[in-house]
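Predicted model only: the values in this text are computed from it and were never measured. Just follow the structure's listing: the first ligand is 1, and inside any ligand the first atom is 1.
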Amino acid sequence: YVNPAKQMAHIGDYDSSNAEMRFEWSQEVCAVLRNVFKLPGFRHNQLEAINATLSGKDVFVLMPTGGGKSLCYQLPALVYGGKTKGTTIVISPLISLMQDQVEHLLEKGIKAAMVSSRGDAGERRNTFQQLKSGDLSLLYVSPEMLTTNSQLRNVISSLYYRDCLARIVIDEAHCVSSWGHDFRPDYKQLGQFKKDYPNVPLMALTATANERVRLDVGFNLNITGCALFTQSFNRPNLYYEVRDKQRDVLAEIKELMKVKYPGRSGIIYCHSKNSCEETATKLNRLGLKVTYYHAGMEPEERLQVQIGWQEGRYQAICATVAFGMGIDKADVRFVVHYTLPRNLEGYYQETGRAGRDGLPSECILYYAYRDATSIMTMIDRDKDIDYDTKEKQRTFLKQVLQYCENQTDCRRHQVLQYFNEKFDSKDCHNQCDNCRIATVCEFETRDITGITKDIIRTILAIQDDNVTMLHCIDVFRGAKTAKILGAGHNNVPGYAAGKDVERTDMERIFHHLVAQSILKESAIVNKSGYASSYLRAGGRAVGLLSGTEKLTLTFLKNGAAKKSKPPPKPVNSASKSIAPKSKTKPTKTASKTGRPRFGVSKG
Ligand code: ADP
Ligand code: MG
Ligand code: ZN
């Protein structure tokens with residue numbers, strides 16, 4: 001990730017000794033950058049991508065959110081010395097996002113327009129007229145317009161036959177992939193472009209680096225041999241932490257906003273419209289300037305909220321994931337996930353909205369296993385999605401669960417691994433909770449194969465009685481509740497086999513087994529219409545029982561604190577770190593699980 005604040009873009013001046021400046025259009029490119037976009041230089045990979053598309057190549061640009069993808073296609077649209085001329089067609093999934101971009105372009109004196117379901121017939125006719133007379137540098141269209149509006153398709157095709165179709169741009173290209181977290185069926189047909197117009201260069205852009213999605217996108221768009229521009233997705237200025245939700249979350253958020261970041265902006269992601277409104281109300285009662293934002297609001301109302309936040313009238317917004325896409329606010333200091341996200345890709349993008357200015361910012365995720373259960377139930381009960389989609393969403397959620405339950409591996413290492421990027425945790429510089437805790441606590445890896453087999457045997461014996469996870473844990477730890485005795489579960493194999501294991505450790509083992517598909521929770525709706533989650537053996541259970549596979553899990557060593565090593569050094573320069581607070585020792589308080597944590601120190 002290129003720190004936009006520190007890195008004055010790498011080149012901006014015409015310098016013929018630089019290989020990327022030796023094209024016939026290089027001088028023109030620099031002039032447009034300076035005179036039209038008023039920027040001093042290029043960021044990482046921007047010039048490379050621009051040269052590739054101006055050479056007529058198909059290009060795939062992977063850049064983190066805020067990296068500067070738009071310039072990669074907006075600038076070449078204004079350069080006439082390349083191998084392409086005419087209008088650039090941009091496909092983008094969100095109307096609000098397109099509108100925003102078109103407005104910005106018009107302000108710069110660039111001829112741009114959009115065609116979406118929002119405009120009326122008159123407007124559309126006008127746009128088509130401009131397009132036909134070659135008057136537009138950029139035309140933004142929504143994918144569903146391409147499906148439904150044959151006139152639009154005809155106009156594009158006539159541009160092509162007049163040799164006036166400069167290039168096709170597919171922004172947020174991950175929407176093409178059904179493996180991505182944001183699949184849009186209308187994007188599937190975009191593969192047709194390369195078939196209809198094989199010699200028109202195509203550019204696909206996304207902030208999603210997951211390799212499977214990437215391959216899928218290249219394949220679906222028919223650009224498998226394209227030039228690929230990618231970079232590290234690590235964001236060094238972000239601090240990552242997963243916190244146990246058993247704590248007083250609202251009080252912690254208040255402290256974060258009042259003490260640590262007074263007057264600074266943030267986003268609080270909630271999982272539903274209701275939860276946005278409720279959380280905002282609760283925070284208001286604590287005297288905080290917070291409001292909410294979700295898809296159930298009128299567009300005008302949403303715009304007001306967004307502006308109010310951008311101008312600092314609201315310090316934070318309680319929002320669903322609908323908030324943030326395309327919103328350009330560089331100085332977001334904190335992103336809080338009030339509920340766990342549904343997938344790691346989305347989580348990465350949401351946290352990525354913090355610290356775009358390159359200054360220290362933090363990302364806090366409040367985790368409770370019960371939230372995973374309720375999301376799982378929501379997936380199970382969703383009538384609008386098919387079986388395959390459900391399975392995919394369950395898999396995504398289990399990956400998030402694994403991330404939250406993992407208390408030892410560097411958070412950066414975990415997230416970037418998901419994007420197939422190798423990251424050495426030494427390079428984290430203790431800017432995540434797990435790296436930081438490793439400097440004060442000792443961990444040990446325990447073999448949990450035996451105990452897991454016992455658990456599976458127990459569950460196989462009682463699962464037909466529709467049992468909850470809590471009940472299973474009770475049985476396994478040898479409790480004598482009325483329910484257990486009444487059902488005769490004190491006589492099943494494995495009863496009390498885990499009587500020596502701490503309850504919190506036992507819970508972690510169960511959660512881990514769910515994340516590993518060795519156990520599974522499924523929702524069953526009872527007679528009164530309530531859904532409950534019952535525990536069963538999962539897809540990997542039987543294989544594990546009979547096989548030789550070993551399972552391990554890392555635990556905090558008893559006694560917790562490391563004696564040999566001093567507590568982590570407070571990271572001194574403000575430009576390097578924010579959490580824990582510089583100049584003070586990290587406040588170490590034991591959480592319920594005995595895991596020390598680094599709180600926001602009271603200032
Ligand atoms: P992305 O689409 O990758 O999330 P954007 O294209 O929206 O990112 O750009 C994010 C911000 O970076 C915008 O404010 C944009 O003006 C700014 N930006 C882009 N390129 C440069 C550059 N070369 N120098 C300075 N600022 C840039
Ligand atoms: Mg963008
Ligand atoms: Zn780390």
- Any N/O/S atom, backbone or side chain, of Cys428 lying under 2.8 Å from the Zn ion (ligand 3)?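 Coordinating: yes.
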- Task: Could you confirm whether Cys435 has any N/O/S atom lying under 2.8 Å from the Zn ion (ligand 3)?
- Result: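 Yes, Cys435 qualifies, because one of its backbone or side-chain N, O or S atoms lies under 2.8 Å.
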Are the side chain of [X] and the backbone of [Y] linked by a donor-acceptor contact shorter than 3.5 Å?
X: Gln414; Y: Asp409; answer: yes
X: Lys38; Y: Asn35; answer: yes
X: Thr53; Y: Ala49; answer: no

- Establish, for the pair Arg243 and Tyr367, whether the NZ or CZ atom is under 6.0 angstrom from the six-membered ring centre and no further than 45 degrees off its axis.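 So Arg243 doesn't make the cation-pi contact.
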- Item | Ala207 contact mode with ligand 1 (heavy-atom cut-off under 4.0 Å) |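 It is neither part, as no heavy atom is under 4.0 Å.
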- Using distance alone, determine whether Arg356 and ligand 1 share an N or O pair under 3.5 Å.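 In this structure, Arg356 places no N or O atom under 3.5 Å from an N or O of ligand 1.
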- Item | Heteroatom distance test (Leu39, ligand 1): nitrogen or oxygen, under 3.5 angstrom |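 Between Leu39 and ligand 1, no N or O pair is found under 3.5 Å apart.
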- Query: Hey, is Pro64 one of the residues with a heavy atom under 4.0 angstrom from ligand 1?
  - Reply: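 In this structure, Pro64 qualifies as a contact of ligand 1 - some heavy atom is under 4.0 Å.
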Go through ligand 1 atom by atom and flag the ones less than 4.0 Å from a non-hydrogen atom of [X].
X: Gly41; result: 22 (C), 23 (N), 24 (N)
X: Gly68; result: 1 (P), 3 (O), 5 (P), 6 (O), 8 (O), 9 (O), 19 (C)
X: Ser70; result: 2 (O), 5 (P), 6 (O), 7 (O)
X: Phe42; result: 23 (N)
X: Gln46; result: 19 (C), 20 (N), 21 (C), 22 (C), 23 (N)

- So, Arg411 and Glu241, do they make that salt bridge, N to O below 4.0 Å?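 Salt bridge between Arg411 and Glu241, a charged N being under 4.0 Å from a carboxylate O: no.
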- Message: Suppose we screen for ring pair (Phe, Tyr, Trp, His ring centres under 6.0 Å). Which residues come up paired with Tyr338, at least two apart in sequence or across chains?
- Response: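 Ring pair (Phe, Tyr, Trp, His ring centres under 6.0 Å) list for Tyr338, sorted by chain: empty.
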- Message: According to ring pair (Phe, Tyr, Trp, His ring centres under 6.0 Å), who are the partners of Phe334, at least two apart in sequence or on a separate chain?
- Response: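 Ring pair (Phe, Tyr, Trp, His ring centres under 6.0 Å) list for Phe334, sorted by chain: Tyr261.
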- Only heavy atoms count here, so choose which of Met63, Arg43, Lys69 is nearest to atom 17 (C) of ligand 1.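 Looking at heavy atoms only, the winner is Arg43.
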- Kindly assign one of parallel, tilted or perpendicular to the pair Tyr348 and Phe233, based on the angle between their ring planes and the thresholds 30° and 60°.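 Because their plane-to-plane angle lies in the 30° to 60° range, the rings of Tyr348 and Phe233 count as tilted.
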